Structure formats: C-alpha cells, structure tokens
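Read through the structure below, which is laid out as structure tokens, and then see the notes.
In what follows, every chain begins at residue 1, and chains take the letters A, B, ... in the order their sequences are listed. Remember, it's a predicted structure, so these values are computed and weren't measured experimentally.
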Amino acid sequence: MDRLAKSYEPQDFEKRIYEFWESGGWFAPASDTGPRFSISIPPPNITGSLHMGHALQYTLHDIVTRWKRMNGYAALWLPGTDHAGIATQMVVERQLHQEKTSRKELGRARFLERVWKWREEYGGRITRQLRSLGSSCDWSRERFTMDPALSHAVRTVFVSLYREGLIYRGEYIVNWCPRCQTALSDLEVIPKDTAGKLYYIKYPVKGSRDYVVVATTRPETMLGDTAVAMHPDDERAAPLKDALVVLPIMGREIPIVEDDFVDREFGTGVVKVTPAHDPNDFEVGRRHSLPAPVVMDGTGKMNENAGEYAGKDRFQARKEIVQRLKKEKLLVKIEDHQHMVGHCQRCDTTVEPTLSKQWFVKMKPLAEPAIAAVRDGRVRLVPENWAKTYFEWLDNIRDWCISRQLWWGHRIPVWYCEDCGNVLCEVADPGRCTCGGSRLQQDEDVLDTWFSSALWPFSTLGWPAQTPDLTRYYPTDLLITAYDIIFFWVARMIMMGLKFTNEVPFREVFLTGLIRDAEGQKMSKSKGNAIEPERLMAEYGADAMRFTLAIQAVAGTDIPLHPGRLKGYRAFANKLWNAARFVMINLPENLDEGITGELTFADRWITSRTNQVAISVNTALAGYRFHEAAETLYHFLWHEFCDWYIELVKPQLIAKEANVSAVVLLRSLRNVLRLLHPFMPFITEELYQKLPHSEPALMLSRYPAAQESEVDLDVIRKMESLQALITAVRNLRSENSIDPARKIDLVLGSPLLQERVFWQSMQSYIATLCRAKALSILEHLPEDKASLRGVAGTTEISIPIVDAGDLEAERTRVERELAKAEDEIALLNRKLDNQDFLSKAPEKVVQEAQQRHRDLVARKEKLEAILRRIT
RNA sequence: GGGCGAUUAACUCAGUGGUAGAGUGCUACUUUCACACGGUAGAAGUCAGAGGUUCGAAUCCUCUAUCGCCCACCA
C-alpha cells in the first residue's frame, strides 16, 4: 500500500481519477438489458461557462446517477449543449465588431460559418468544466441542439404542428428588442418596476374649442394613434359621441370610440389608441377596425410614419415631442408614475411592443394534456407546491411567438413560392413548388432556442426514429433543474413529449433552488457577486464544493454560499483522508480477508451503525433528500467512525495483528467510501484505489444496501451508555481541571449487576478513552470526601481528588444539572398526571415518558447526594 | 391585483404532531504516535406575534407583522 500524504490535496489526483474513469468506459450504461435509469442534462449554453447553478444541478445529477449505477442500474446520464440562439449570436457579433466588420457585411452563410467555428473553439469549455466537477455522463452520447439529427427532429415537429394548424403565422403585437432586433416571447421579457412619467395631453375636438385629455407613459407612440377611447358608460363620453379629435403634431383626425376595456378611474378616463404599439390598443383597433400604422423601425428609431421625427431615437423623440406639446400648450401636466416596463432578458434594453408578422404556436391544445399529466401524477414535482404555479401558468397560457429574426438557430422549414405565392412547409427543402416553379424562398427567421430545448428528452435519443436508445431510455426517470425555468423549459417539454411520444418525458422533476451569495443576493455577473465554481474547485477541491452544495440542496430552497462552509467540507475531506491514512498505516501486511474469529464490541457496533446509515442514506436519496443523506454521512464519518470507532480500536491495532477486527476495519472504511462516493467521487475513488480492493473501481462497486439483519440494536444501545459514561468522566476531568495527561483511578458504582458486568467487559475501552490507569467497579461508592462525583445513567462515577479541585465551580455545575433535571421532571409530572394523556396518547409514548421520568428521578437523587457531599 | 415561500442558537440553515438539531462562530483546556483542515469539554433558542384545534404544536388551522420571489395589458 502506498503511504498517503499527510493532508488532502485534491489537485494531486482529481484529473487523473477522471481520466481513469473515462478511459475505463464506465460512464456508459453497463448493459442493454435489466433495470435502467436515465436522466438528461439541462443543456448548458455553448457560450456559457459553468456557474454555481450548474454546479449545483450537475452535482445532484451525478449523485443520483452514481448512486443508481452502484445499485445495479444501467445508468445513463446524457450530456449535451444548447446552441443558445441570441446569446451565441451576440457573442460572435461582438467579436466581428472588434474586427471592424458585422454579420450583415459577412452575409448569412459566412456568418454561420463563423459561429460554427466559434463553437469549435470555445464551445467545449463548459463540457471540460463538467468533467472537472466529476460528472459521470456518457460522453459517447453527447448531443448538441444543432446536430443534424436534432435539427431533423425540430423540423419534423414544426411541420407536424403546422399541418395540424397548431403553428400559424400572423400579424400581432409582439415584444420587440430594438437592440437584438428580434421578436421575443413573453417569457423573455423581464418586467421591471420603473420610475416613469405620466403625461397628460390635450387632444382638441374637431370643430370645437373643447378637447379631451389623454394620459400616456409613452408620448412618442401618439404619432401612431388612430383613435381615442372612452368607456361606453362614462357620462363624459355621451356628448362626444361621433366627434373626431385632431391628433396633435400629426394633425390627423381620429375618432372617439367606446370600449369597455377603458378604466374610468385611471388618468382622465380617456385613452389614446395606438394599435401598432400596444397590445390592448391592438385589440381595441381590431374591434373598431382602426388602421394600425407602425411608427418605429426595428432599431427603435422613429420611421417614415412618424413625420418629422423620422430617424430619431424613440427616447429622443419622446423628449422632443413633450417639448413641442409644452410649447403648443397641449401638455396639461406631468406626473411621476411607477409602472412595469418590459426589458430584454438578454441585453436589458427596453422592449418595444410592435405589430409584426411572426410565427406562433397555439398553446391551449398542448397545455391541456400537460396539465392532466401533473394532475394525475404521471409527472411528479418535487417539491409538490410548484404544481400550483405550473397549473396557474398553463391555465392562462398564451400563444408562443417562436420566430426570431436571427441567423443562428433552426431555420423555419417554410418556403414561399415566388411564382404562385404558395407556402410550403416541409421537413426537407422541397426544391420546387407544386405549381412547378423552382423559385422558392425559405423563411428568413429561425426558431426560439427553447423550441428545440422542448424536444430535448427525446430528440437526443434519436426521435423521430424508433432507435434502441429511445426504446430503452425514454421516458427518462428524472429531471433536475432550477425552479426558474419551469415555464421556459419544464412545461414545454411535458407538452411536446406528450404530443409527439404520447409519453411524459420524465416521471419526476426535482426543482433546485437558486444559489445566492453570502448576503442572500442573487448572483449575477452585472452585480459582480458571481462566484465561479472553477475557482472554488481549485481552492477547495471538486469534492468539497460538491458536498457543500449537496448538503444544502433542499428541494426548491435557495442556497446562500458561504466560504466558511466550503472550508468546513474541505476539512471533512481531509478528515476522511486521514481516517484512511490511519487505516493504511495500521493495517497488517497481506491481510487475509477470509480470516474468521470473534467480533469485538467495537466491530459489532460499527457494523451495525454502517448498516443503519446505509438504510437512512438510501431512503433519503430515494426521496431526493440530498441534504439529509449528506448530513447523515458527515456525522457518521466524523463523529462516529473517527471519534469513536477508530478511538476504540486504536489500542488493538498497535499490535498489527491480522485478526478479524482488522478485516472489519478495512471493510468498514470501504463501505464508508462507497456510501460517500456519489457525493465525493474523487477522493473516495483515490482512497479506494490505494486500499486493497477487488473491483476495478469504486464507482463500479455495489452501494451498501439496507440490511436490517446486520443491525444489532442491543449493541447500539450499549454503545450509547458507554459513550455517556466516557463523556461524563471526561466532563469531570475537564470541569475540575485535571491535567489531560494525568491517568486517573476511576471508580464506578452501580446497584445493577448487569451493568457492573457490562462495565467490566468494557474495561479496556473505558481505560483508554478516560485515561484511567485503574478501574474499580462497585455496588455502592464509599462515602469519602476526597473524590469527585458524577452520574451517567444509573451509574455513579468517582475520581479521587489529587489536587484540590475548585469546589465552588463544581457546586455550581451540579446545581445547574440538578435544576435541569428538576425542570424536566416537573414537565413530565404534569404529563403523567394528565388522565387524557394516559388514555389518549399511544402506549409507546406513555411508556417512554414513564421510563424517562424514572431515569430522571434516579439522576436527581444522585445529584442531590453529590451536592450534600460537597457542601 | 393574484399566487408562492420565509421568519428556529451570534451567523447560515435542517427539522411537518411526542424530550428543540447541525455546521460555522464563541469559551476553556490541549501540539498525545491518522488528522491543529485535529482532540476534549462547555455556554448558547419564549421556534416572528396573537388566537384556535389536540392529551400533546416549531410542526395543523385562522389572523397579524416583516422580508423575499413569481405571475398579471390599468394607459
């Protein structure tokens, strides 16, 4: 066996271990038959680098995958990346800008070449980072949303939905980003509470000196007004019926229409109607057949319909228009006004609602089956309370604008015939029209990135072909993702999965929280508080970072990231390292693991506890309670395996005897490594490789199973009283300032024969852990004043006083303990005197209370005796 | 306007009906031969507040307060 270095240095082996696994080919599912587990990655953007959210999600993916794999499942974690339309196009355009050129200059084909080249150069960054994290995904099945097979799936879905009438093209108000110069879906618009102004403007009534006053937050849109509206029941409307008003600046005469969408209480009760730049106004315009002139171009500048303001930026135009209205005495007042303004998710530019011809998916018919699937439990959300949000959104779903005016993405599979005007929607380029004409123009737009993401669980497995992978690994078992993309992604996958495979794409969805900084703030690049997982892995090791995340991964709950915790779990890794080091140093050479013999108390205890822990960890993982599983293992390794088990066996091991206890030690450590492996794969594998082992890799070995038969409850109970005794003695030593190096004479007194026999059998353990040179066990302790007294359960403890102890401090301590016992006795008395409690509480609870009461009374008496002695 | 969540030790969080938990921090002692990224012992909480249900409530119900998030076309 190699000697281990004295401390844990993750950089020394993480990379090597990952290469060891990968070259072993062990990330691919082990077999084509038998039980299988499958999970597909939420594909990160190729432009991205690993952030803490990824680190959390992928850690959990890996924990589940490794756990399932070690439980004998053919486990597939399918990795891949997303082409991320807008984000990627922006990055490459920025690059072009630096080269003093632009995508328009390059043209579509050459631009796309550039993006592919960019992807080749930089797109692998995130998958490299995924490897540093230890992700055991099957790289042979890695997919990219723009792979030919996945594009084929996208086109197949598009054509099918189009032919069914679920995809249509039309002119509606869409969210337009003037910077990205594309339409956005509602979800890609971030409403932000903004301090704006409400402008009150006079619109003169034609042929009268009267005017109506309208209130607006966006005066520049007035150039596109084609009416003003009032509520039909508004008495102020009656005299104005059939009147026309003169639109200031433009001089256009526009009607006054009655529409009950108008809120009589807000502003002046009169609304300007701009059908081409406001979704409400668009509806009003339709109802009243109003013209809808668009007054801005795609870059946010006023266009030729804006008269003299043409060519001016929308915000500049706003200023100038307000100035002019002021000058013309048409501006009544300006009020401060807080309201929600939509911003582009990608670039934060104020979104402009604009009338535009786009492609849409009709969502209602897709949403209904998706609602049903969650309602009847075919898809289970963890935690379940997110179902309400999910239903809420789907119940009120609106059609999805899927066309984007970008070049990077899946181009819409629609061709227009320049000869006959025919529209052809085909999976492959039809080449010529049904009219015989060959002058076909493909639609210029590409699809929303999320359109291809929605197909991810099945498109990655080969759909629409009925591939063996699709048959075996679909539906997937689990989806792990953050709650903030339930609408973007989770809901849409469920809709598309049901529509095209008649199956839910996954049976369970574990929703993680978001990672926050130590102050609880959301991490973001712009705030500058983002922490890079790569940095943390370099500083603390991938395992420590994984453990930090896992132990805080409560479903749906945000995680504040504290450096202190990372330090703590690095120390935990170091503890494990040194526990293994201890075993290696003390293990006899060439130990025969087949050796038999009688197990010691310590052997039986650690075996029982390991099995109990295996049961709880398996149960916790089965319920996705990662934090609970990690917590259990943390406590078990540190505070049981190291603090007690190793301490108990130390004296035996000095002898380096090749006995059965040495085998138990080795096996227990290996089981601890197995239990911890899904959480801390690198260090556990590294240690496993250095210990005698039979399997080629820890990752391939069997996860410790739940074996009730191996759990000896009697031994566990006995250990608890041994621990209580040892702690009580240590307490006496510590409180009375007995030199830690001094070996004491320890006297125990118990009226119970059984107990005396037990202490006798524990003699050597007690002597070592209490630092006692002599141990006497009596029925009753003699009345002598020259000793310190303590209590553990029904046993009294006595240590002869050598130096004069601090009696005053001792008295205070005993008094405090006595008071504590008395308080609890009083509480229990009330309970046990209560007839209702005795008759209605379960028998077990009553019995426990009675037992506790007896124990406390005995303890109280002993403490009182001690107090009498030292007073 | 609707919905969801949080409020537990100094800090960060677990804990969903039966004796209040963890990590960090804190205090004292301790470089003893796996580990000072260590060891031993200890102090520390009216479980936001008020009512209710129950033999019993941090946990279930109602209300209140504070904070956070999501959804929503009041110009």
Side-chain angles (χ1 to χ4, degrees), chain A residues 4 6-8 173 191 198-199 214-218 221 229 261-263 265-268 270-274 278-283 337 339-340 342 353 383 385-386 388-389 392-393 396 483-484 486-487 514 518 520 522 540 544 548 551-552 554 556-565 567-586 625 627-628 631 634-635 639 642-643 646-647 650 654 726-727 730-735 737-741 769 771 813 816 824 827-828 831 834-842 844-846 848-849 852 856:
Chain A
L4 287 182
K6 197 174 168 185
S7 66
Y8 162 68
I173 296 278
L198 191 56
Y199 302 87
V214 303
T216 179
T217 53
R218 292 154 66 217
T221 62
F261 105 95
V262 178
D263 179 348
E265 308 305 320
F266 188 89
T268 58
V270 186
V271 187
K272 62 193 266 315
V273 180
T274 324
D278 181 281
N280 278 318
D281 295 4
F282 176 74
E283 295 301 326
H337 184 65
H339 63 143
M340 291 296 192
N385 56 300
W386 280 101
K388 194 160 182 177
T389 308
E392 185 70 23
W393 187 69
N396 299 300
Y483 61 70
D484 60 345
I486 291 179
F487 307 144
L514 310 177
K522 229 175 182 171
Y540 304 99
T548 305
I551 206 166
Q552 297 182 87
V554 179
T557 306
D558 291 352
I559 299 173
L561 198 66
H562 289 261
R565 293 203 86 148
K567 248 186 240 161
Y569 298 120
R570 188 187 201 283
F572 176 64
N574 186 59
K575 188 77 183 175
L576 172 62
W577 184 266
N578 276 286
R581 190 164 159 258
F582 171 83
V583 172
M584 286 181 205
I585 290 169
N586 290 290
R625 292 188 304 277
H627 66 295
E628 202 179 298
E631 191 76 60
Y634 180 93
H635 185 268
H639 299 302
C642 293
D643 289 353
I646 287 187
E647 294 307 322
K650 256 182 190 173
I654 306 299
I726 292 169
T727 305
R730 285 168 169 173
N731 181 324
L732 276 178
R733 293 185 61 129
S734 171
E735 295 287 336
S737 305
I738 296 175
D739 181 352
L769 296 182
R771 305 213 106 220
R813 189 182 62 81
R816 204 169 48 226
E824 206 180 326
L827 201 83
L828 283 165
K831 229 177 193 180
N834 185 338
Q835 277 310 312
D836 284 329
F837 174 70
L838 296 175
S839 59
K840 290 185 184 170
K844 190 170 160 257
V845 172
V846 175
E848 275 168 8
R852 176 102 187 125
L856 280 167

Show me the protein contacts with nucleotides 42-45 of chain B, counting only N or O atoms at under 3.5 Å.
{"residue": "B:G42", "atom": "OP1", "partner": "A:Asn731", "partner atom": "ND2", "Å": "3.0"}

On RNA chain B, compare the nucleotides closest to A:Lys567 and A:Val554; which residue's is nearer the 5' end?
A:Val554

If you compare every side-chain N and O of A:Lys272 against the phosphate oxygens of B:A75 (OP1, OP2), does one of them come in below 4.0 Å?
no

What contact category does A:Thr274 fall into here, base, sugar-phosphate, or nothing, at under 4.0 angstrom with non-hydrogen atoms?
nothing

Which nucleotide in the list B:G39, B:A75, B:C55 gets nearest to the side chain of A:Asn834?
B:C55

Letter per nucleotide, 5' to 3', of nucleotides 65-74 of chain B [B base touched, S only sugar-phosphate touched, - untouched; heavy atoms, 4.0 Å]
-----SSBBB

Choosing from B:G15, B:G3, B:A34, which nucleotide comes nearest the side chain of A:Ile585?
B:A34

Please name all residues satisfying side chain to side chain donor-acceptor pair (under 3.5 Å) with A:Glu848, sequence neighbours left out, ordered by chain then number.
none

All heavy atoms of A:Pro560 vs all of A:Gln552, minimum pair found to be O-OE1, 3.6 Å

Which atom pair, heavy atoms only, marks the closest approach of A:Leu514 to A:Asp558?
N-OD1, 2.8 Å

Is the base of B:C37 touched by the side chain of A:Arg570 through a donor-acceptor pair closer than 3.5 angstrom?
yes

Can you see which heavy atom on A:Ala579 is nearest to which on A:Ile646, and at what distance?
CB-CD1, 4.1 Å

Without decimals, in angstroms, what is the distance between A:Ile551 CD1 and B:U12 P?
18 Å

Under-3.5 Å donor-acceptor pair between A:Lys6 side chain and B:C35 base
no

Minimum-distance pair of heavy atoms, taken over all atoms of A:Asn578 and A:Lys6
OD1-O, 3.2 Å

Within the 6.0 Å centroid threshold, strictly below: A:Tyr569 and A:Tyr540:
no

Anything under 30° is parallel, anything over 60° is perpendicular, the rest tilted; go ahead and classify A:Tyr8 against A:Trp577.
tilted

When A:Val262 and A:His562 are each assigned the nearest nucleotide of RNA chain B, the 5'-most assignment goes to A:His562

If the cut-off is 4.0 Å, is A:Asn385 near the phosphate of B:G5, judged by side-chain N/O to OP1 or OP2?
yes

Would you kindly check whether a donor in the side chain of A:Lys650 faces an acceptor in the base of B:A34, or vice versa, at under 3.5 angstrom?
yes

Using the salt bridge (charged side-chain N to carboxylate O under 4.0 Å, His left out) criterion, which residues pair with A:Glu631? Sequence neighbours excluded.
none

Nearest-Å distance for atom pair CZ/P, residues A:Arg771 and B:A41
14 Å

Taking only N/O atoms, report every protein-nucleotides 18-28 of chain B pair under 3.5 Å with atom names and distance.
{"residue": "B:U19", "atom": "O2", "partner": "A:Glu824", "partner atom": "OE2", "Å": "2.6"}
{"residue": "B:U19", "atom": "O2", "partner": "A:Arg852", "partner atom": "NE", "Å": "2.5"}
{"residue": "B:U19", "atom": "O2", "partner": "A:Arg852", "partner atom": "NH2", "Å": "3.1"}
{"residue": "B:U19", "atom": "N3", "partner": "A:Arg852", "partner atom": "NE", "Å": "3.2"}
{"residue": "B:A22", "atom": "O2'", "partner": "A:Glu631", "partner atom": "OE2", "Å": "2.8"}
{"residue": "B:G23", "atom": "OP1", "partner": "A:His639", "partner atom": "NE2", "Å": "3.2"}

For B:C47 versus B:C13, give the span between their C1' atoms, rounded off to a whole number of Å.
13 Å

Return the orientation label for the A:Phe266 and A:His337 ring planes: parallel under 30°, perpendicular over 60°, tilted otherwise.
perpendicular

Could you please name the option among B:A34, B:C35, B:A75 that lies closest to any side-chain atom of A:Ala579?
B:A34

Treating a pair as Watson-Crick (purine N1 to pyrimidine N3 plus N6-O4 or O6-N4) or G-U wobble (N1-O2 and O6-N3) with both distances under 3.5 Å, list the stems of 3 or more consecutive pairs that involve RNA chain B.
B:1-7 with B:65-71, B:10-13 with B:21-24, B:26-30 with B:38-42, B:48-52 with B:60-64

